[in-house]
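Here, residue 1 is the first one in the sequence, and each next residue gets the next number. The structure displayed is predicted, hence computed values, not measured ones.
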Amino acid sequence: MDIQWYPGHMAKAKREVKENLKLVDVVIEVLDARIPASSRNPDINEITDQKPKLVVLNKCDLADPDLTGRWINNFVHSGIPAVAVDLISGRGVRLVPVLVRQLAAPKMASLISAGRRPRAARCMVLGIPNVGKSFLINKLADRRAARTGYKPGVTRGQQWIRVAGNLDLMDTPGILWPKFEDPEAAFRLAVTGAIKEEVFNIYEVAGRLVKWLAESYPEAVKKRYKLQKLPGETGELLELVGISRGFIGTGGVVDLHKSAHNVLKEFREGKFGRITLDYPEKF
Ligand SMILES: Nc1nc2c(ncn2[C@@H]2O[C@H](COP(=O)(O)OP(=O)(O)OP(=O)(O)O)[C@@H](O)[C@H]2O)c(=O)[nH]1
Ligand SMILES: [Mg+2]
């Protein structure tokens with residue numbers, strides 16, 4: 001898979017993150033629970049090295065619950081506080097401010113012992129595009145303070161938002177690394193919606209996804225497209241999706257573009273079940 005996507009606004013965002021990091025007490029790194037490894041940007045790790053950090057595994061409603069539990073264990077065992085949340089139902093969200101305040105406590109204590117007045121804990125929310133950073137902030141603020149959206153690249157600038165519990169949160173634009181050296185990670189980022197559809201080949205990605213689903217979750221695929229048997233060929237699978245959905249264009253030809261879009265859309269909506277693409281190594 002050939003993806004070269006590093007728009008200027010991301011380079012700018014990275015610079016601004018570096019500058020603003022000195023203002024914050026804690027960093028929240030939002031990851032996609034379906035791809036906790038592939039959605040970790042190595043750049044973010046490097047920039048935020050010295051800051052207390054909370055990992056939030058978001059979109060748990062779409063991920064395999066057993067694997068989410070194992071991922072959380074993995075993070076916690078390696079000394080990184082982590083919590084699983086589902087922002088649609090709100091599950092797990094209440095824990096986030098509690099954990100952030102715990103992580104900020106040493107800094108707050110040092111401010112007070114230096115004779116400074118107590119202030120709200122400041123926290124920067126970081127992550128790759130479309131993982132739900134702005135959505136998390138809105139949920140904690142209990143209002144639509146930050147703009148959110150279905151596509152990656154919605155948030156363009158940094159913004160402070162005060163939330164309940166004496167916490168100031170900074171929303172940031174999603175940051176993705178310039179090269180996707182690991183083609184498997186690039187594929188996973190594309191299917192989960194972190195990469196703009198304009199910069200990858202939708203037939204290649206959707207074809208590969210439906211093939212993988214047919215191999216890993218054959219019953220779900222058969223049921224979804226009312227198929228008795230699954231063909232081996234990727235092209236044939238996309239064609240069958242089109243027939244099953246009635247995507248027939250002029251001359252009775254299957255509209256493969258619509259089929260590809262539909263596969264991606266339904267996968268992202270969790271229509272094939274709760275699926276995690278990255279496996280934890282231990283635990
Ligand atoms: N199913 C599901 N969808 C979610 C969840 N959280 C957020 N979303 C969806 O994810 C999409 C992206 O949310 P945003 O908050 O805009 O993402 P972001 O990380 O701020 O994205 P950028 O600003 O583009 O970097 C939206 O369409 C949300 O509805 C969740 O827990 N479950
Ligand atoms: Mg955003």
Side-chain angles (χ1 to χ4, degrees), residues 26-49 51-100 102-103 123-137 139-140 152 172 174-177 180-195 208-209 212-213 215-217 220 267-283:
V26 177
V27 165
I28 293 181
E29 187 177 5
V30 183
L31 302 179
D32 186 322
R34 294 167 296 174
I35 49 166
S38 308
S39 62
R40 275 206 111 178
N41 178 346
D43 284 351
I44 293 180
N45 244 353
E46 194 192 299
I47 313 172
T48 61
D49 195 28
K51 291 283 170 186
K53 189 193 287 181
L54 173 68
V55 162
V56 171
L57 284 191
N58 186 32
K59 307 200 184 185
C60 279
D61 54 313
L62 299 173
D64 179 320
D66 177 45
L67 290 174
T68 299
R70 284 165 59 191
W71 271 111
I72 293 289
N73 265 340
N74 250 15
F75 281 114
V76 173
H77 273 87
S78 43
I80 304 169
V83 62
V85 307
D86 154 13
L87 294 176
I88 304 295
S89 73
R91 202 171 58 90
V93 180
R94 272 187 314 167
L95 267 178
V96 174
V98 175
L99 292 169
V100 168
Q102 265 177 25
L103 286 166
C123 178
M124 188 185 263
V125 181
L126 288 174
I128 64 165
N130 208 33
V131 284
K133 300 177 293 300
S134 303
F135 215 87
L136 170 69
I137 291 174
K139 201 83 186 173
L140 293 171
T172 64
I175 304 178
L176 211 58
W177 48 114
F180 303 93
E181 274 117 10
D182 176 0
E184 196 52 46
F187 166 71
R188 293 171 188 190
L189 291 164
V191 298
T192 50
I195 302 173
R208 193 167 153 192
L209 174 64
W212 179 79
L213 287 169
E215 283 161 9
S216 314
Y217 302 88
F267 174 75
R268 289 170 185 170
E269 288 169 357
K271 296 277 167 57
F272 295 93
R274 299 176 70 178
I275 296 173
T276 298
L277 296 132
D278 285 347
Y279 275 72
E281 280 158 25
K282 296 175 281 179
F283 306 108

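Rounding to the nearest 0.5 angstrom, the gap separating the CZ atom in F75 from the CG atom in L57 is 5.5 Å. Expressed to the nearest 0.5 Å, how far CD1 of I44 lies from CG of L176 amounts to 9.0 Å. The line from CG of N58 to CD1 of I28 is 11.0 Å long, rounded to the nearest 0.5 Å. Annotation: the span from N130 atom CG to R268 atom CZ amounts to 8.0 Å, rounded to 0.5 Å.
Contact annotation: the side chain of P152 never approaches that of I195 to less than 4.5 Å [non-hydrogen atoms, C-beta and beyond]. Side-chain contact between L277 and W212: present, with at least one pair of heavy atoms (C-beta onward) separated by less than 4.5 Å. In this structure the side chain of I275 reaches within 4.5 angstrom of the side chain of L213, judged on heavy atoms.
The backbone N or O of A63 sits less than 3.5 Å from a side-chain atom of R274, completing a donor-acceptor pair. With hydrogens and angles disregarded, no donor-acceptor distance shorter than 3.5 Å links the side chain of D43 to the backbone of I175.
Note on residues 80-97: pairs passing side chain to side chain donor-acceptor pair (under 3.5 Å), not counting sequence neighbours, are D86-S89.
Under the side-chain contact (heavy atoms from CB on, under 4.5 Å) criterion, D32 pairs with R34, I35, S39, K59, V131, T192, sequence neighbours left out. Taking E269 as the reference, K265, K271 meet the salt bridge (Lys or Arg N to Asp or Glu O under 4.0 Å) condition, with sequence neighbours excluded. Partners of K53 under the salt bridge (Lys or Arg N to Asp or Glu O under 4.0 Å) rule, at least two apart in sequence or in another chain, are E29. Applying the salt bridge (Lys or Arg N to Asp or Glu O under 4.0 Å) rule to D278 yields the partners R188; only residues at least two apart in sequence or on another chain are considered. Taking the side-chain hydrogen bond (donor to acceptor under 3.5 Å, both in side chains) definition, one finds that K51 meets it with nothing, sequence neighbours left out.
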Query raised in the report: Can you check side chain to side chain contact (heavy atoms under 4.5 Å, CB included) on L31 and W71, steps first, answer last?
Result: CA-CA 11 Å; L31 302 179; W71 271 111; over 6 Å; no

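When all heavy atoms are compared, the tightest approach of K133 to G174 is NZ-CA, 3.5 Å. The two atoms that bring G90 and K139 nearest to each other are CA-CE, 3.8 Å, heavy atoms only. The two atoms that bring L189 and S38 nearest to each other are CD2-O, 3.5 Å, heavy atoms only. Closest non-hydrogen pair, A82 versus V76, comes out as N-CG2, 4.1 Å. The shortest non-hydrogen separation linking P81 to L103 is CG-CD2, 4.0 Å. Closest approach of C60 to T68, counting heavy atoms only: SG-CG2, 3.6 Å.
Note on ring orientation: taking the six-membered ring where Trp is involved, the planes of F272 and F267 are tilted (angle from 30° to 60°).
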